[in-house]
2 protein chains.
Amino acid sequence: MTRVSSIPKATCLRLSLYLRHLDHAADQGSETTSSAQLAAALGATAAQVRKDLSLFGQFGRPGVGYQVEELRQAIRRILGVDRRWPVAVVGVGNLGRALARYREFAERNFDVVALFDIDPAKVGSRIGGVVVSSMEDMDKVVAECGVRLALLAVPAHAAQKAAEALVRAGVTGILNFAPAVVRLPARVVLYPADVSVLLEQLSCQVSAEPARPRSRRGKGGSALTARGFEVE
Amino acid sequence: MTRVSSIPKATCLRLSLYLRHLDHAADQGSETTSSAQLAAALGATAAQVRKDLSLFGQFGRPGVGYQVEELRQAIRRILGVDRRWPVAVVGVGNLGRALARYREFAERNFDVVALFDIDPAKVGSRIGGVVVSSMEDMDKVVAECGVRLALLAVPAHAAQKAAEALVRAGVTGILNFAPAVVRLPARVVLYPADVSVLLEQLSCQVSAEPARPRSRRGKGGSALTARGFEVE
DNA sequence: TAGATTGTTAATCGATTAACAATC
DNA sequence: TAGATTGTTAATCGATTAACAATC
């Protein structure tokens with residue numbers, strides 16, 4: 001059976017955060033950094049940083065560390081953000097419109113180039129300079145724009161169908177902002193991005209850990225979230 | 001060092017998704033369900049569903065399955081969403097405003113009751129019926145409203161300071177929508193929610209720059225997302 | 001050289017899956 | 001009872017951490 005060689009999800013997330021930190025370091029004028037510094041920024045361990053990077057090659061020099069700019073470019077390449085990604089937004093309600101207009105995407109090489117909505121009253125209008133297309137035109141527009149990634153911002157009841165339409169049109173990666181569980185073929189990468197799901201992660205953790213005696217302090221979740229300054 | 005047994009992050013996420021599915025099942029009029037059905041909906045295994053639930057008690061009956069409504073209430077209680085959570089939004093730019101107005105939150109028991117911005121021109125204005133407060137009033141407003149969760153939607157350069165202000169004011173859970181790495185004390189739960197970080201997860205998996213061939217190879221990603229690329 | 005820090009291997013830890021007795 | 005499905009234990013799998021030789 002064919003196996004899948006994919007980057008561990010946790011590593012993928014950390015790479016993004018390393019990149020954010022390297023951007024910051026570059027802004028500050030730092031030329032080199034080390035696994036220890038990167039780890040400290042995220043609350044991870046130095047070993048984990050080196051392990052993560054070692055999956056993709058050798059980027060540092062023993063005794064010296066990493067060149068900030070060099071590592072930045074390497075991680076951008078690994079994440080695939082050394083090139084531009086045309087992105088579609090499906091559903092231009094309140095959230096969809098905000099996503100369509102959100103400036104930061106372009107700075108990170110994601111361009112919202114296509115919008116879709118089922119409401120004929122919205123089709124043809126412009127949001128942030130992009131025309132809203134009908135769902136019927138999805139195949140055509142997605143192909144023309146070379147879209148492979150999409151943001152799904154439709155109501156829960158429309159999520160499954162809209163997601164399937166995206167997949168048929170050739171999209172292979174979807175962020176699902178709808179409060180619904182969507183099932184797609186395994187080849188499609190689908191992440192839940194519904195803010196209420198994320199809020200539930202907070203309430204779950206926050207109510208699960210009501211002020212405990214200090215001797216039993218939180219293990220702090222993964223290094224990605226918020227490991228403390230406090231150590232013992 | 002002592003550790004706390006907190007709910008595994010992955011379990012927490014699945015619980016949210018089980019809940020979405022149970023909501024759907026309840027809408028459809030289903031009265032019972034099984035670990036196999038829940039698993040199928042998410043692309044997980046039945047064993048995993050039962051294992052997740054077994055962390056919190058016994059909710060099903062052998063040979064019968066789970067009562068949809070009963071399990072729904074149980075999961076709502078575990079996630080802490082059987083009660084209302086007052087939520088603050090910091091930064092009412094494009095994204096912050098959309099978050100402040102997003103309707104779905106209230107349906108899920110999260111009420112946006114406080115807004116903050118550093119811009120004096122925005123302070124005092126209303127968004128979705130909530131007045132924008134100044135950062136100086138944060139301590140007071142957060143205390144008055146009993147806010148423990150916050151959405152951080154400020155620019156990257158302001159994220160660390162704003163997050164620290166939230167923590168000082170008593171907030172213990174934060175979704176970070178800013179494209180910056182934020183470090184906070186371990187007791188605070190902090191999740192990255194920056195959409196560009198999420199998009200990078202997609203581009204990373206979709207372009208799946210596979211590691212140099214090694215003796216070991218990756219597995220297929222968690223059932224929650226989707227399996228990666230098939231190679232070989 | 002001496003000190004620093006890498007890349008990698010081995011040990012640990014945690015999470016997922018398979019199997020099955022219990023039981024409705 | 002016979003069939004179905006749970007909750008749980010043991011086995012597997014993967015990810016994190018510690019340790020260290022290599023090397024700048």
Side-chain angles (χ1 to χ4, degrees), chain A residues 3-15 18 30-40 42-68 70-71 74 218-225 227 231, chain B residues 1-15 17-18 30-40 42-68 70-71 74 211-225 227-228:
Chain A
R3 294 238 41 194
V4 158
S5 154
S6 78
I7 301 164
K9 233 174 98 173
T11 296
C12 213
L13 178 51
R14 283 191 298 266
L15 286 172
Y18 298 153
S30 313
E31 298 204 339
T32 65
T33 188
S34 65
S35 56
Q37 278 180 42
L38 277 162
L42 266 70
T45 64
Q48 182 155 71
V49 173
R50 295 198 299 275
K51 186 79 182 190
D52 282 340
L53 296 176
S54 77
L55 294 175
F56 307 98
Q58 309 185 164
F59 304 104
R61 298 205 320 191
V64 178
Y66 304 90
Q67 298 299 117
V68 167
E70 199 181 309
L71 186 57
K219 74 168 192 145
S222 96
L224 284 175
T225 62
R227 168 153 278 142
V231 197
Chain B
M1 135 165 172
T2 54
R3 324 208 79 183
V4 134
S5 64
S6 77
I7 302 166
K9 242 174 92 170
T11 296
C12 213
L13 177 52
R14 283 190 297 266
L15 286 173
L17 300 182
Y18 298 152
S30 313
E31 299 203 340
T32 65
T33 187
S34 65
S35 56
Q37 278 180 43
L38 277 162
L42 267 69
T45 65
Q48 182 155 73
V49 173
R50 295 197 300 274
K51 185 79 181 186
D52 282 339
L53 296 176
S54 76
L55 294 176
F56 306 98
Q58 308 186 163
F59 305 103
R61 298 204 321 190
V64 179
Y66 304 91
Q67 298 300 116
V68 167
E70 200 182 308
L71 186 56
R212 55 203 46 253
R214 304 180 84 99
S215 46
R216 318 167 38 99
R217 81 186 37 134
K219 59 128 195 188
S222 104
L224 281 176
T225 61
R227 311 241 168 348

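Both backbone and side-chain heavy atoms feed into the values below; hydrogens, waters and symmetry mates do not. Labels below follow one simple rule: chain letters A, B, ... track the order of the sequence lines, proteins then strands, and each chain is numbered from 1.
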Minimal heavy-atom distance between Ala44(B) and Gln48(B), with the atoms involved, is CB-OE1, 3.7 Å
In whole angstroms, the gap separating C1' of dT6(D) from CD of Glu70(B) amounts to 13 Å
Exercise. Report yes if the side chains of Leu71(B) and Leu53(B) come closer than 4.5 Å at any heavy-atom pair, otherwise no.
Key: yes
Using a heavy-atom cut-off of under 4.0 Å over every strand shown, decide if Thr11(A) touches base, sugar-phosphate, or nothing.
nothing
Hits for side-chain contact (heavy atoms from CB on, under 4.5 Å) against Thr32(B), two or more places apart or cross-chain, chain-then-number order -> Gln67(B)
Separation of dA15(C) atom P from Leu15(B) atom CG, nearest Å, is 13 Å
To the nearest angstrom, the CG-P distance between Asp52(B) and dT16(C) comes to 7 Å
Sorted by chain and number, sequence neighbours left out, side-chain contact (heavy atoms from CB on, under 4.5 Å) with Thr11(A) holds for Ile7(A), Pro8(A), Arg14(A), Leu15(A), Asp52(A), Leu55(A), Phe56(A)
Heavy atoms of Ala39(A) and Ala46(A) approach each other most closely as CB-N, 3.5 Å
Result for 5'-nearest mapping on DNA chain D, choosing between Lys51(A) and Ala36(B), is Ala36(B)
Checklist entry - Does Thr45(B) make a side-chain N or O approach to OP1 or OP2 of dT17(C) shorter than 4.0 Å? => result yes
Kindly say if Ser35(A) contacts the phosphate of dT6(C), meaning a side-chain N or O under 4.0 Å from OP1 or OP2. yes
Taken to the nearest whole Å, CG/Leu13(B) to C1'/dT16(C) is 15 Å
Here the gap from Gln58(B) atom CD to Arg50(B) atom CZ, rounded to the nearest 0.5 Å, amounts to 13.0 Å
Atom NZ of Lys9(B) and atom P of dA15(D) are separated, to the nearest Å, by 14 Å
Note: Tyr18(B) and Val49(B) closest approach over all heavy atoms is OH-CA, 3.4 Å
Comparing nearest nucleotides in DNA chain D, the 5'-proximal residue of the pair Arg50(A), Pro8(A) is Pro8(A)
When rounded to whole Å, the CD to C1' distance for the pair Gln58(A) and dT5(C) reads 13 Å
Parsed dot-bracket for DNA chain D after applying the Watson-Crick and G-U rules with both distances under 3.5 Å and | for other-strand partners is ..||||||||||||||||||||||
*Side chain proximity check, Tyr66(B) to Glu31(B), heavy atoms < 4.5 angstrom*: no
Here the distance between atom P of dC13(D) and atom CD of Gln48(B), to the nearest Å, is 16 Å
When rounded to whole Å, the CG to C1' distance for the pair Leu53(B) and dT8(D) reads 13 Å
Taken in chain and number order and not counting sequence neighbours, the residues that satisfy side-chain hydrogen bond (donor to acceptor under 3.5 Å, both in side chains) with Thr33(A) are Gln37(A)
Note: contacts of residues 59-68 of chain A with DNA chain D (heavy atom, under 4.0 Å) are Arg61(A), Pro62(A), Gly63(A)
